[in-house]
Amino acid sequence: EERTRRMMSTKGGGVASRRSRLASHGQAASKQLVWHSRHCVARSEARRAVGAPKKRRANLKCYSVAQPEPSNGATPAAADLASNGADQEACELFQPTPGFDTIQDAIHDIAKGKFVVVLDDEDRENEGDLIIAAEKMQASDAAFMVNHTSGLICVGMEGEDLDRLGLHQMVEKGNDAMGTAFTVSVDLKKGTSTGISAADRVATLQALASPGSKPEDFRRPGHIFPLRCKEGGVLKRAGHTEAAVDLAKLGGCFPAGVLCELVNKDGTMMRRDQLLDFAKEHGLHTITIADLIRYRRCYESLVERVSSARLPTKYGVFQAYSYRSKIDDIEHIALVYGDVQNAEDDVLVRVHSECLTGDILGSVRCDCGPQLDLAMRKVVEAGCGVIVYLRGQEGRGIGLGHKLKAYNLQDQGRDTVEANVDLGLPIDSREYGMGAHMLIDVGVRTLKLMTNNPAKYTGLSGYGLTITKRVPLLTPINKENKKYIMTKVTKMGHWFSGADGEERGEEVFDDLS
């Protein structure tokens, strides 16, 4: 109750409960989180008023920053954030895939007990599922689902709840191509007959979504198929199971989402255009799992601080903060120099991708080591700044072994871009959201970014951060890295100096800023 009062009294500056670090993602995010928290509180108070059984909330980890109620199909994020000039980039970052609805629309529908159509990637299953919160489902919803889907009704659930109910994997070692984790199927014992009717299925689903249910409440096998969600949701596995659980959480519901594949009248699977037509016909919102991933990456803190210590270096004394990624458990580090939280000027920042060969072994095939050295010197000279060191990004994300293979191709005449392509690897697969969340955690809000890479500049925009200036990191060119640097300039759009010492591509930066 005390936590509820604190939430209700918050005025846009952050919310202590639910997911406190979200409040640091900027003023707009804070206002949206307050809105979401108040409505969650209102739902809880309504349940208490009618004597409804208490629902579990402690472990929901609600990462939602819900938007004001949508109206007339307008994108809530655009309507709210566009008025804040500093947050315009954040607004644009979360526009849905063209032709689809916003994640905010889907969250509101899930909270109201409505269906949402969710599509995965065309290179994956290339299917669309009807998804609804298990605790909200009614018999009419089950009938609708049976009439328009394959009829194999599943419910995505967290491992903690499945273990509590004694629902183990259907097979010990499955070989399903998509890794769908079926448990044994179940029916609710009390108040049901065969378990196959719409009413019986709903009773089973609602019992599965009840924190008070026990293993002995269910028959095995049955007509409802629980699925084990990967911890971390769509950030760990981009599947419909994880999307169903994530949406239920984001809607403030018990973490159990009902899902089933939509099919045509002839029994074939519906694809993109057919799914969009179906959703339009039935007044449903349609989203993609890719958009849900982007939404979570923005509004949920992706890292947790593990420890900190004083770190004397040859440049000066830094305070080192270690972080663990919630997505892949990789550890990263932020080196803070001076009082960044009370800095009078915008904080000087370098977000540096790990390069073992350049940073540690002194390789001159790249400019990574010299850039890190120069950045640390600049931070100390400025008297205040942050170096974020992102691990797991070796060779622009391809890994150490693949980078050495690329070196061999470069020695045969290929450039750094062509070598990656020849190996069937992405040119640059790095993502900088981790770094943004680390900067927010140490207190940075406005910054001057040391980089020659336009992708890094745009990749850090939003997240509640404002980049006021780009500071170039120009290091000496040698015969070993000349082609590498020129390839980054000509093929990847990096900014660098020419022989006359003048900065190249500065007009591009002016356009971006």
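Note that the structure is a prediction, hence the values are computed from the model and not measured.
Partner of Glu158 under the salt bridge (Lys or Arg N to Asp or Glu O under 4.0 Å) criterion, out of Lys230, Lys249, Arg164, Arg228: Lys249 alone. With respect to Ile224, the side-chain contact (heavy atoms from CB on, under 4.5 Å) criterion is satisfied by exactly one of Val155, Leu152, Leu188: Val155.
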Q) Between Ser185 and His223, does a side-chain contact (heavy atoms from CB on, under 4.5 Å) hold up when you go through it step by step? A) CA-CA 6 Å; Ser185 56; His223 297 88; over 6 Å; no

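Summarising the geometry, atom CG belonging to Leu227 is positioned 4.5 Å from atom SG belonging to Cys154; distances are rounded to the nearest 0.5 Å. In this structure, CZ on Phe115 lies 5.5 Å from CG on Leu130, to the nearest 0.5 angstrom. Atoms OH and OG, from Tyr389 and Ser353 in turn, are 9.0 Å apart once rounded to the nearest 0.5 Å. Remark: Leu439 CG to Arg445 CZ distance equals 9.5 Å, nearest 0.5 Å. Here the straight-line distance linking atom CD1 of Ile398 with atom OG of Ser429 works out to 8.0 Å at 0.5 Å rounding. Here the OG1 atom belonging to Thr204 is positioned 11.0 Å from the CE atom belonging to Met137, to the nearest 0.5 angstrom.
In terms of modelled atom types and a separation under 3.5 Å, the side chain of Arg396 and the main chain of Arg430 share no donor-acceptor contact. Under a 3.5 Å cut-off, the side chain of Glu354 and the backbone N or O of Gly392 do form a donor-acceptor pair. Checking side-chain atoms of Asp109 against main-chain N and O of Ala106 turns up no donor-acceptor pair under 3.5 Å. Under a 3.5 Å cut-off, the side chain of Asn420 and the backbone N or O of Pro426 do form a donor-acceptor pair. Judged by distance alone, with hydrogens and angles left aside, the side-chain atoms of Thr97 form no donor-acceptor pair with the main-chain N or O of Phe100 at under 3.5 Å. Although no hydrogens or angles enter the test, the distance criterion places no donor-acceptor pair under 3.5 Å between the side chain of Asp161 and the main chain of Met157. Remark: the backbone N or O of Arg297 is paired with a side-chain donor or acceptor of His437 at under 3.5 angstrom. In this structure a side-chain-to-backbone donor-acceptor pair under 3.5 Å is present from Lys136 to Ala111. A donor-acceptor pair under 3.5 Å is formed between the side chain of Asp266 and the backbone N or O of Thr268. Between the side chain of Asp217 and the backbone N or O of Lys189 there is no donor-acceptor pair closer than 3.5 Å.
Side-chain contact, Glu261 with Ser150: a donor N or O sits under 3.5 Å from an acceptor N or O. With no hydrogens or angles considered, no side-chain donor-acceptor pair links Asp187 and Thr192 at under 3.5 Å. In summary, the side chains of Ser322 and Ser307 do present a donor paired with an acceptor at a separation below 3.5 Å, with no hydrogens or angles considered.
Residue Ala198 comes nearest to Ala139 through the heavy atom pair CB-O, 3.7 Å, listed as atom of the first residue, atom of the second, then distance. The shortest non-hydrogen separation linking Val184 to Pro226 is O-CD, 3.5 Å.
In this structure, His282 and Phe144 have perpendicular ring planes: the angle between them is above 60°, well past the 30° mark.
Remark: Glu331 pairs with no residue by the salt bridge (Lys or Arg N to Asp or Glu O under 4.0 Å) rule, at least two apart or across chains.
Salt-bridge formation is not detected for the pair Lys326/Glu300: no Lys NZ or Arg NE/NH1/NH2 atom is positioned less than 4.0 Å from an Asp or Glu carboxylate oxygen.
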